[in-house]
Amino acid sequence: MSQRTIGVVGAGTMGQGIAQVLITGGFPVQLYDVADEQLGRAQAAIDKGLGKLVAKEKLGEAEKGEAMARLELTTSLEALRGCEVIVEAAPEQPALKEKLFRDLSRLSHDAILASNTSSLSLTRLAAVCERPERVVGMHFFNPVPVLKLVEVIRAEQTSDATVARIEELTRQLGKTPVAIADSPGFAVNRLLIPMINEAAFLLQEGAASAEDIDQSMKLGAAHPMGPLQLADLIGLDVCLAIMEVLQEGFGDPKYRPCPLLRRMVAAGYLGRKSGRGFHIYQ
């Protein structure tokens, strides 16, 4: 794959991480968001992330400067015209993503449109596009610069050529692509988020404290962090949204979101990003 410009739609946590690994991998990036303020925060976060690599001697100071020079910020979707690949990393809202894909397919007829969705149907997203065979899932994991897995999700309409190109791009970024069918939650989140939901039930029922639940899974199952700590890192709102997709997609009561999880999201206790979730953060 040539080092042509790649578009990233959404400058939140995931969009920042995706943009960082792309520019570090030598790709020019157009990072789009609706708000200049969010783009400014993203640029600062990416600069800080590259600074950590310099401090660990994984990146030279000159290389950092070259990487940052490959990053361009924009509040105009028009700037993404001509991108070879556009990676969407907008919030997990079906109506928002469908509008974005509809607009992007009209804007950039030949681009591969890849969604970083963690649970939504790629077949549904592809259906609103003019060239559905060029729509694919490219699901990175947080923190993007650290975690190596990328789930590559094939919609019913996705062509073999589209999957092959996204798998090649994934390898160029030093990541490992794993092919996954278009099913609610895909593979990792279908396993992981219900575990987090069950941990929330344990806490709600008073079976154990949040600290003890996390410690039990770290010591008893060799997990690097406990499920409630992980929920705080992911974002409780994201966990709830994925559980709702699983419940709707499968119609199985085992995917019922924990009422405590719903209450915490309603209260604004979203985890690390809000300073409070199942644990308290400074």
Side-chain angles (χ1 to χ4, degrees), residues 10 12-18 20-21 45 48-49 52 89-92 115-120 137-151 153 175-176 178 180 183-247 249-250 254-282:
T13 300
M14 294 304 293
Q16 293 167 17
I18 294 167
Q20 179 177 320
V21 298
K48 181 178 179 181
K52 291 179 179 179
E92 288 286 275
S115 178
N116 184 58
T117 180
S118 56
S119 58
L120 299 179
M138 191 179 190
H139 182 213
F140 293 85
F141 290 81
N142 185 34
V144 178
V146 176
L147 298 182
K148 297 296 185 182
L149 177 65
V150 175
E151 289 181 320
I153 301 100
K175 307 292 187 185
T176 301
V178 174
I180 303 293
S183 176
F186 313 131
V188 172
N189 282 334
R190 184 171 170 182
L191 293 167
L192 179 65
I193 304 301
M195 181 187 71
I196 288 172
N197 193 59
E198 194 63 29
F201 271 114
L202 275 174
L203 182 63
Q204 176 181 279
E205 294 162 8
S209 68
E211 291 77 9
D212 286 344
I213 291 169
D214 284 335
Q215 186 78 333
S216 295
M217 290 304 290
K218 286 191 286 186
L219 298 181
H223 289 195
M225 68 173 64
L228 299 179
Q229 290 174 310
L230 182 57
D232 285 348
L233 177 62
I234 294 170
L236 271 60
D237 52 337
V238 176
C239 294
L240 176 59
I242 295 171
M243 283 304 302
E244 289 173 336
V245 167
L246 292 172
Q247 184 182 40
F250 291 110
K254 74 179 181 180
Y255 295 115
R256 177 174 69 95
C258 177
L260 174 60
L261 180 61
R262 286 193 183 279
R263 291 197 302 271
M264 293 182 72
V265 171
Y269 302 154
L270 306 182
R272 287 182 177 273
K273 60 188 173 185
S274 68
R276 177 175 177 177
F278 290 110
H279 301 278
I280 305 297
Y281 303 90
Q282 297 299 324

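Hydrogens, waters and symmetry mates are skipped; everything else that's a heavy atom, side chains included, is used.
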## Note on the structure
One should read off an interatomic distance between D214 CG and M225 CE, to the nearest 0.5 angstrom, of 9.0 Å
### Task
Name all residues meeting the side-chain contact (heavy atoms from CB on, under 4.5 Å) criterion together with V178; count only those two or more places apart in sequence or in a different chain, and write none if there are none.
L149, I180
### Summary
Rounding to 0.5 Å, atoms NE2 (H223) and NZ (K218) come to a distance of 12.0 Å
### Task
Applying side chain to side chain contact (heavy atoms under 4.5 Å, CB included), run through V238 and M14 and close with a yes or a no.
CA-CA 12 Å; V238 176; M14 294 304 293; over 6 Å; no
### Query
Partners of A207 by side-chain contact (heavy atoms from CB on, under 4.5 Å), sequence neighbours excluded?
L202
For residues 185-198, tabulate all N or O donor-acceptor pairs below 3.5 Å that involve a side-chain atom, not counting sequence neighbours.
{"unit_1": "N189", "atom_1": "ND2", "unit_2": "S118", "atom_2": "O", "d": "3.0"}
{"unit_1": "N197", "atom_1": "OD1", "unit_2": "C258", "atom_2": "N", "d": "2.8"}
{"unit_1": "N197", "atom_1": "ND2", "unit_2": "R256", "atom_2": "O", "d": "2.9"}

### Task
Identify the heavy atoms of I213 and A199 that sit nearest to each other, and give their distance.
CD1-O, 3.7 Å
### Message
Counting C-beta onward and ignoring hydrogens, is there a side-chain heavy-atom pair between V144 and Q20 closer than 4.5 Å?
### Response
no
Please list every donor-acceptor pair under 3.5 Å in which a side-chain atom of residues 227-235 meets a protein atom from a residue at least two apart or in another chain.
{"unit_1": "Q229", "atom_1": "OE1", "unit_2": "G226", "atom_2": "N", "d": "2.9"}
{"unit_1": "D232", "atom_1": "OD1", "unit_2": "F278", "atom_2": "N", "d": "2.9"}
{"unit_1": "D232", "atom_1": "OD2", "unit_2": "F278", "atom_2": "N", "d": "3.3"}
{"unit_1": "D232", "atom_1": "OD2", "unit_2": "H279", "atom_2": "N", "d": "3.0"}
{"unit_1": "D232", "atom_1": "OD2", "unit_2": "Y281", "atom_2": "OH", "d": "2.7"}

### Query
When rounded to the nearest 0.5 angstrom, what distance separates CG in N116 from CD in E151?
10.0 Å
### Task
Could you tell me which non-hydrogen atom of P184 sits nearest to which non-hydrogen atom of G249, and how far apart they are?
CG-CA, 3.9 Å
### Query
Measuring from M138:CE to I18:CD1, what's the distance to the nearest 0.5 Å?
8.0 Å
### Query
Looking at L240 and P257, what are the two nearest heavy atoms and their distance?
CD1-CB, 3.6 Å
### Results of side-chain contact (heavy atoms from CB on, under 4.5 Å) for S119 - residues two or more places apart only
E92, I242, V245
Residues 259-272, side-chain donor-acceptor partners within the protein, below 3.5 Å, at least two apart:
{"unit_1": "R262", "atom_1": "NH1", "unit_2": "E244", "atom_2": "OE2", "d": "2.8"}
{"unit_1": "Y269", "atom_1": "OH", "unit_2": "R276", "atom_2": "NH1", "d": "3.3"}

